[in-house]
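Following: one structure in structure tokens, then a few remarks.
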Amino acid sequence: MKSLSPALQAHLDDGTTTLAWCWRITRADGITLGFTDHDRALAFASTSFEPESGFAASEFRSGSDLAVDAQDAAGVLTSDRITETDILDGYWDNAGVELWRVNWSDPSQRVLMRRSAVGQIRRGRMAFVAEVRSLAHVLGLTVGRTFQAGCDAALGDARCGVDLENPAFKGTGAVIDLLRDRAFTASGLGGFIPGWFTFGTLEWTRGANAGRRTEVLGHDVRDGIALLTLLEAPVRPIAEGDVFTIRAGCDKRIETCGARFANTTSFRGFPHIPGQDAILRYASQDGGHEGGVL
């Protein structure tokens with residue numbers, strides 16, 4: 001139940017209202033932006049709410065159960081404040097959204113209708129549509145340990161303990177030749193065996209993508225030259241001479257944890273837990289469910 005200020009309640013009771021919707025969005029990088037469907041700029045809560053920004057929202061989809069309420073927000077990619085580059089960089093991912101109902105003739109008369117977060121973003125050629133989810137989506141997040149054969153720690157984090165700044169797990173390279181939008185040959189990595197950086201991370205240190213980090217899908221070596229394939233193409237095109245720092249990857253298997261990192265004491269998986277193959281297997285004389293320990 002919403003609590004209205006006496007002034008806003010009196011305005012609503014008057015019958016002739018001057019109301020507008022305002023969205024206050026806090027991005028992942030801490031920048032706060034304001035948008036309104038009113039035709040003039042409004043200001044409150046240390047935020048200026050921009051009119052005619054090309055930002056508009058649909059009606060709420062809401063229910064009485066614990067399902068996640070949702071709303072779509074659409075915007076134009078050519079807006080000065082909402083750019084395609086920012087969306088691709090992830091600044092809008094899970095951004096906090098406050099929806100206010102405001103008396104535009106006196107913005108001190110306002111009420112916070114709901115808090116939510118930006119979910120999936122669909123991009124077109126000229127516009128984007130962002131899903132604005134209620135905070136109920138937090139109830140769907142995985143909490144606690146995951147019982148699985150593979151390790152559930154991130155390589156190099158406190159639970160893993162591997163020092164990725166060790167020169168054995170870290171290299172510096174430069175782009176020699178671009179093969180596709182996310183695949184290229186690189187110098188400076190000839191001393192590493194193929195696959196060493198597969199599932200690792202690559203951070204651009206010079207070039208148009210400097211400061212951005214991406215995941216490595218594949219690492220091969222041909223005639224002493226490294227061939228790298230990224231999981232996703234960078235926001236800006238890769239160019240010859242771009243410099244990067246790359247760190248080793250892990251496929252989450254205990255064999256890799258021991259052979260590559262000598263770190264099995266910190267392995268965070270359950271490698272001996274029976275998998276789906278053991279569940280689906282039927283009794284037979286050739287070793288499948290013969291009564292022994294799985």
Side-chain angles (χ1 to χ4, degrees), residues 28-29 83-94 120-123 148-264 266-269 271:
D29 57 355
T83 66
E84 182 179 17
T85 302
D86 287 345
I87 294 174
L88 291 173
D89 281 346
Y91 291 137
W92 290 84
D93 293 349
N94 205 32
Q120 184 180 20
I121 298 178
R122 306 188 301 275
R123 295 182 297 111
Q148 58 184 20
C151 179
D152 63 355
L155 180 63
D157 70 3
R159 298 174 61 228
C160 169
V162 171
D163 180 13
L164 290 179
E165 297 304 311
N166 186 321
F169 307 132
K170 176 182 176 183
T172 300
V175 176
I176 299 176
D177 191 21
L178 187 64
L179 306 178
R180 299 191 303 276
D181 60 345
R182 58 188 180 94
F184 55 89
T185 57
S187 62
L189 304 176
F192 296 94
I193 62 174
W196 193 255
F197 296 112
T198 299
F199 305 129
T201 59
L202 182 148
E203 184 174 358
W204 299 102
T205 56
R206 191 173 69 193
N209 294 292
R212 292 175 171 81
R213 179 177 296 186
T214 185
E215 296 180 64
V216 180
L217 181 63
H219 169 218
D220 198 1
V221 179
R222 297 177 185 172
D223 300 328
I225 302 297
L227 171 61
L228 298 174
T229 302
L230 305 180
L231 182 62
E232 294 180 319
V235 175
R236 297 177 178 85
I238 302 171
E240 295 182 9
D242 286 357
V243 180
F244 58 85
T245 298
I246 191 170
R247 293 177 174 81
C250 179
D251 59 7
K252 310 299 181 183
R253 297 186 306 126
I254 191 169
E255 294 84 358
T256 303
C257 186
R260 183 176 299 181
F261 304 105
N263 194 44
T264 53
S266 297
F267 186 75
R268 303 299 180 179

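The first residue in the sequence is number 1, and the count goes up from there.
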Test salt bridge (charged side-chain N to carboxylate O under 4.0 Å, His left out) applied to Arg182 - qualifying residues, sequence neighbours left out: none

Would you check if the side chain of Asn263 reaches a backbone N or O of Cys160 as a donor-acceptor pair within less than 3.5 Å? yes

Checking Phe199 now: which residues fulfil ring pair (Phe, Tyr, Trp, His ring centres under 6.0 Å) with it, not counting sequence neighbours? none

With sequence neighbours left out, the residues meeting ring pair (Phe, Tyr, Trp, His ring centres under 6.0 Å) with Phe267 are none

Counting heavy atoms not belonging to Arg159, are there more than 12 under 6.0 Å from its CZ? yes

Which atom pairs, donor and acceptor, lie under 3.5 Å between side-chain atoms of residues 229-250 and protein residues at least two apart or in another chain?
residue, atom, partner, partner atom, Å
Asp242, OD2, Ala239, N, 2.9
Arg247, NE, Glu165, OE2, 3.1
Arg247, NH2, Glu165, OE2, 3.0

Output the distance between atom CD (Glu215) and atom CG (Leu217), rounded to the nearest 0.5 Å. 9.0 Å

Using the salt bridge (charged side-chain N to carboxylate O under 4.0 Å, His left out) rule, collect all pairs that involve residues 251-263, keeping only residues at least two apart or in two chains. Asp251-Arg253, Arg253-Glu255

Compile the donor-acceptor pairs under 3.5 Å between side chains in residues 218-228 and protein atoms, sequence neighbours left out, one pair per line.
residue, atom, partner, partner atom, Å
His219, ND1, Gly195, N, 3.4
His219, ND1, Trp196, N, 3.2
His219, ND1, Phe197, N, 3.2

Might you point out which heavy atoms bring Val216 and Thr201 nearest each other, and give the distance in Å? CG2-C, 4.1 Å

